[in-house]
Number of protein chains: 2
Amino acid sequence: MIENIIGCKWSLTVIDLIRRGIKRPGAIQREVEGLTTKVLNERLRKLVRFEIVEKTIYPENPPRVEYNLTRFGNEFITILDSIEELERRFSEN
Amino acid sequence: MIENIIGCKWSLTVIDLIRRGIKRPGAIQREVEGLTTKVLNERLRKLVRFEIVEKTIYPENPPRVEYNLTRFGNEFITILDSIEELERRFSEN
DNA sequence: CAGTATCCAGACCGATACTG
DNA sequence: CAGTATCGGTCTGGATACTG
């Protein structure tokens, strides 16, 4: 099941951006070359469904939305860190 | 890049079986309902390429082949363990 | 037993256009 | 700004048949 998160394009990138404080869809999209709104929203919905991020809607005009890591999401990124660490070690051969 | 491992179907299952001592293609396939030889071999090739497992060929008749975790592979499964742990925690809600 | 080749359905993703 | 709908191309995986 977690492959459903890790396995699809952009997921990890999105999680990483949110963790770094880039929380609004527009901002995220501006950061990621090639990420369309459709795919971004698919990812965000999935991340919400898996309780990795949570969505907050501020009823303003224009609408403002923020995504934040949940507690579970914070545990999740420790795995991402391990993965990055491993990749580093792998590329060093 | 490691998403290429984690992200595709059956990869984690195969790694897990090898780690548990089920090292021969035939045996692996018998364990996994729905895994075809084509896909199994694709996975194994990928795992070898990423140096997670290594292949040993015993020049016998009938041919015998074994796949074993490399040192890197052993580090890799610590991540799998974390993932499983997380999934457990996730399903408990 | 180990491994490859081919064919095909479905998933995934990007482009585009559009709504609130 | 946030989000949905639709259409198509590409890539992945499953079924099957086959070779050494």
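So that the names make sense, note that chain A is the first sequence line, chain B the second, and so on, each numbered from 1.
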Regarding the side chain of B/Arg43, the nearest nucleotide among D/dG13, D/dC1, C/dG3 is D/dG13
A/Lys9 atom NZ is separated from C/dG14 atom C1', nearest whole Å, by 8 Å
Checking N1-N3 plus N6-O4 or O6-N4 for Watson-Crick, or N1-O2 and O6-N3 for wobble, each under 3.5 Å, the partner of C/dG20 is D/dC1
Winner on side-chain proximity to B/Val65, out of C/dG3, D/dT6, D/dG14, is C/dG3
* Check whether any side-chain N or O of B/Ser82 sits under 3.5 Å from a backbone N or O of B/Thr78 as a donor-acceptor pair, and report yes or no. => yes
Note to self: Whether A/Trp10 contacts C/dG14 is assessed here as follows: a side-chain N or O lying under 4.0 Å from the phosphate OP1 or OP2. Is that the case?
What the structure shows: yes
Ranking D/dA2, C/dC1, D/dT4 by distance to the side chain of A/Pro25, first place goes to D/dA2
By nearest-nucleotide position on DNA chain C, the 5'-leaning member of A/Gly7 and B/Gly26 is B/Gly26
* OP1 or OP2 of C/dA2 under 4.0 Å from side-chain N/O of B/Lys23 -> no
Ranking C/dA15, D/dC1, C/dG3 by distance to the side chain of B/Thr37, first place goes to C/dG3
In whole angstroms, the gap separating P of D/dG3 from NZ of A/Lys46 amounts to 17 Å
note: A/Glu3, atom CD; D/dT12, atom P; distance rounded to Å ~ 16 Å
### Task
Taking atom types as modelled, find out whether B/Asn4 and B/Lys46 have a side-chain donor-acceptor pair closer than 3.5 angstrom.
no
Winner on side-chain proximity to A/Asn41, out of D/dG3, C/dG3, D/dA15, is D/dG3
In whole angstroms, the gap separating P of C/dC13 from CG of A/Asn4 amounts to 11 Å
B/Tyr58 near the nucleic acid: base, sugar-phosphate alone, or nothing, with a heavy-atom cut-off under 4.0 Å? nothing
To the nearest angstrom, the CG-P distance between A/Leu44 and D/dC1 comes to 16 Å
Whole-Å distance, B/Lys38 NZ to C/dC1 P, equals 22 Å
Of the listed D/dG14, C/dT4, C/dA2, the closest approach to the B/Arg24 side chain comes from C/dA2
Taking a pair to mean Watson-Crick or G-U wobble geometry with both distances below 3.5 Å, C/dC7 pairs with D/dG14
Inset, instruction - For B/Ser11 and B/Ile6, indicate whether the former's side chain and the latter's backbone hold a donor-acceptor pair under 3.5 Å. - result: no
note: B/Leu40, atom CG; C/dA2, atom C1'; distance rounded to Å ~ 10 Å
From CD1 of A/Ile5 across to P of C/dC12 the rounded distance in Å is 12 Å
Heavy-atom nearest pair, B/Ile18 first then B/Tyr67, reads CG2-O, 3.4 Å
- So, A/Thr70 side chain and A/Glu51 main chain: donor-acceptor pair closer than 3.5 Å or not? yes
